[in-house]
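Here the structure comes first, spelled out in structure tokens, and everything after it is commentary.
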Amino acid sequence: MSNVKDLPFVVVGGGIGGLATALGVAETGRSVYVLEQAPEINEVGAGIQLAPNATAILSRFGVMDEINKTAVYPERLVLMDAITGKELSALDLGESFKQKYGHPYIVLHRADLQQALLKACLDNDKITVLTNQAVERVEDLGDKAQVVLADGTTYVTEAVIGADGIHSKTRKLFIEDQPVASHYVAYRGTIPMNEMAAQAGTNMDDVIMWIGPNLHLVQYPVRRGELYNQVVVFKSDRYKEDSDDWGTPEELDQHFGKCCKPVQHAVTFISRQRRWPMYDRNPIENWSKGRVTLLGDAAHPMLQYMAQGGCQALEDAAYLSDCLHEYGNNYEKAFSVYQTERIPRSASVQRNARLWGEIIHAVDPIAILLRNNLMENRTPQDTSHVDWLYSRRYGAAKVR
Ligand SMILES: Cc1cc2nc3c(=O)[nH]c(=O)nc-3n(C[C@H](O)[C@H](O)[C@H](O)COP(=O)(O)OP(=O)(O)OC[C@H]3O[C@@H](n4cnc5c(N)ncnc54)[C@H](O)[C@@H]3O)c2cc1C
């Protein structure tokens, strides 16, 4: 029996980017298959922040009602000095912020976001989600595209979007580059709010980022405020390529041992079971070929310091949908316009994430003094530093 099958339109990867892309493709009237390698669609037990540039798109795709069942609307984004415990600056996320950007800043559990997107996909009769589909290679055939799975199954399709994350197999069609190690590592997870609440010493309705030399801690509530999400990040001096013996729990304790009491206390709640080494990639100049293109972390993986990786994947999904609306079955044109719009913006976020990392992790005392001084002079209503990120809606003006 032949293992070559026809599928209409394929998205590789069932992460945030892939599921949102399926919704965007279905919006254009096309039938679409999502191929996910994992046995089920799932996410890690941690939180995610979504800025107005992302919630605008979730709203367009009809997912916000479901998300609102669990999402938390934080009051402020706060930067704290992890060593002195002093507040450095805050951004007010209240009514005037919402009015300005037209959409809210939210925080939620990743699994809740994933399930909301998945539900919207399963409720849509144009979308089919297939699991246990480990894609090995993607090819452009000119008038079709082809997806080959690790088990040899081959799908011949209209077009393919590679949304298969930082280790994307689809990306290999364009470039054989490698992820760039930042030498930073993250430990993250959620704990029941009542276990944390008594001793935290901060407003737990806020998104709080504690920053210090070569380290930071992010905290915010998720799942209707029932869980508290924490991410600790630090630079390991013991980084070695091809080794997992760096960024260890012992190093974590050493780094955070020099922090103020609330930070030291918070870090005791962090699970040491799993570590996430932090990688990104350099921006690339082309990610489309004929009937194949890339999206999300497969296209532009970035360090998480600006909390924009998922937001940018959502922007991609919305703009790609606009291009498919506009250019019909001329996929080459649609993908070319898509990348012309999306590459400069996502590359700028990739580069700014690295830069922001250097700023928040500054070691030099003079740099820290200058940084803190600049931050302390900013009012909570001043949004000038985030306007370029939050107010732009997936470049919609150019196409639709
Ligand atoms: C610590 C941390 C905190 C972060 N915080 C935020 C935040 O607050 N806000 C924000 O917007 N972003 C944040 N990000 C970034 C965000 O998580 C990513 O940018 C986002 O998940 C990218 O989504 P994606 O769908 O492109 O890729 P992924 O989430 O990586 O999904 C890729 C999917 O493809 C599947 N896949 C991979 N290879 C194959 C294959 N060969 N065949 C089939 N399927 C395959 C995978 O199993 C996975 O399901 C953070 C990242 C980290 C590490």
Side-chain angles (χ1 to χ4, degrees), residues 10-22 33-55 57-58 74 77 105-111 113-114 117-118 129-138 147-151 153 155 160-172 179 182 184-189 207 209 216-220 222 229-233 274-281 294-317 346 349-350 353 389-390:
V10 163
V11 176
V12 182
I16 299 164
L19 295 177
T21 301
Y33 279 69
V34 177
L35 307 181
E36 166 57 45
Q37 66 181 0
E40 55 183 304
I41 303 280
N42 228 330
E43 256 291 358
V44 295
I48 188 162
Q49 307 177 49
L50 295 175
N53 58 319
T55 51
I57 292 154
L58 293 170
L77 281 180
Y105 196 107
I106 62 170
V107 286
L108 71 167
H109 199 289
R110 279 171 179 267
L113 172 61
Q114 195 84 343
L117 288 167
L118 180 62
V129 179
L130 301 179
T131 51
N132 289 311
Q133 306 282 310
V135 170
E136 192 51 41
R137 133 175 133 259
V138 174
V147 177
V148 181
L149 302 192
D151 67 6
T153 304
Y155 297 120
V160 180
I161 316 293
D164 44 348
I166 186 167
H167 301 293
S168 168
K169 290 271 169 69
T170 317
R171 187 177 171 107
K172 291 183 188 298
S182 69
Y184 278 80
V185 68
Y187 287 76
R188 57 182 170 168
V207 175
M209 188 180 214
H216 74 262
L217 159 70
V218 178
Q219 303 176 300
Y220 52 83
V222 295
N229 177 68
Q230 298 202 109
V231 188
V232 301
V233 176
R274 186 173 164 194
R275 67 193 243 299
W276 279 268
M278 303 280 98
Y279 294 89
D280 66 357
R281 289 184 193 250
L294 297 177
L295 183 143
D297 276 10
H300 45 67
M302 56 188 70
L303 297 173
Q304 81 276 17
Y305 309 143
M306 292 169 68
Q308 274 288 320
C311 300
Q312 290 302 307
L314 290 167
E315 284 194 4
D316 290 344
S346 57
V349 186
Q350 279 176 295
L389 267 181
Y390 299 169

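Everything numeric in this text was worked out from a predicted model, so none of it was measured. When a ligand or atom number is given, it counts from 1 through the structure's own listing order.
- Residues Leu294 and Asp316 have side chains not in contact (no heavy-atom distance under 4.5 Å, counting atoms from C-beta outward).
- Residues forming a side chain to side chain donor-acceptor pair (under 3.5 Å) with Thr131 (at least two apart in sequence, or on another chain): none.
- Considering only heavy atoms from C-beta on, Gln114 comes within 4.5 Å of Leu19 through its side chain.
- Heavy-atom neighbours of Tyr33 OH from other residues, nucleotides or ligands within 6.0 Å: at or below the threshold of 12.
- Remark: of the listed residues Leu295, Asp297, Leu389, Leu389 is the sole one forming a side chain to side chain contact (heavy atoms under 4.5 Å, CB included) with Gln312.
- At a cut-off of 3.5 Å, with distance as the only test, a side-chain donor of Glu315 or Asn53 sits close to an acceptor on the other residue.
- Contact residues of ligand 1 (protein heavy atom closer than 4.0 angstrom to a ligand atom; sorted by chain and number): Val12, Gly13, Gly14, Gly15, Ile16, Gly17, Gly18, Leu35, Glu36, Gln37, Ile48, Gln49, Arg110, Gln133, Ala134, Val135, Ala163, Asp164, Gly165, Lys169, Arg188, Met278, Gly296, Asp297, Gln304, Ala307, Gln308, Gly309, Gly310, Cys311.
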